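Scroll down for the structure; my scribbles are underneath it.
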Amino acid sequence: MSTILIVEDNEKNLKLVRDVLQVKGHSTLEATTAEEGIRIAAERMPDLVLMDIQLPGMNGIGALRVLRADPATAAIPVIAVTASVMQQDRNLITDAGFDGYVAKPISLKEFLEAVRIALAHGGQGTASAGAPD
Ligand code: MN
């Protein structure tokens with residue numbers, strides 16, 4: 001079982017993602033702004049963050065930069081969740097260094113597969129600052 005932080009300002013999407021993850025046996029944490037998500041990530045060290053891109057205030061790409069800049073949270077996998085399907089936007093998200101991408105409206109099968117892959121690779125990302133074991 002993993003602890004997954006959902007950063008999402010849309011109540012309906014938040015509920016959908018929360019319910020699906022809990023059915024699969026995961027614990028969930030929730031934030032409705034990037035700033036709140038960054039704070040909770042640092043305090044609770046989730047195994048994975050699901051990051052909405054369109055958020056009030058700082059957006060999801062800005063939030064990823066903050067998480068990556070802090071050695072404490074740099075290695076937490078972060079999946080982008082966004083309605084943006086334009087190739088240009090998608091490139092921006094890929095270039096930003098997210099560990100995965102899920103398009104809205106969410107396909108549950110694709111969503112759970114992205115979560116599974118990100119959790120399997122957790123802590124092995126290029127951003128990991130840990131010493132070799
Ligand atoms: Mn949003």
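Note that ligands are numbered from 1 as they come in the structure, with each ligand's atoms numbered from 1 the same way. Treat the numbers as computed from the prediction; the structure is a model and nothing was measured.
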Strictly under 2.8 Å, is the Mn ion (ligand 1) approached by any N, O or S atom of Q54? yes
Does D52 put an N, O or S atom under 2.8 Å from the Mn ion (ligand 1)? yes
Please list, chain by chain and in numerical order, all residues satisfying side chain to side chain donor-acceptor pair (under 3.5 Å) with E110, sequence neighbours excluded. none
Is there a side-chain contact between I38 and E35, using heavy atoms and a 4.5 Å cut-off? no
Report yes if the side chains of L67 and I76 come closer than 4.5 Å at any heavy-atom pair, otherwise no. no
Looking at D9, pick out the N, O or S atom nearest to the Mn ion (ligand 1) and give its name. OD1
What's the shortest heavy-atom distance between H26 and M1, and which atoms? CA-CG, 3.8 Å
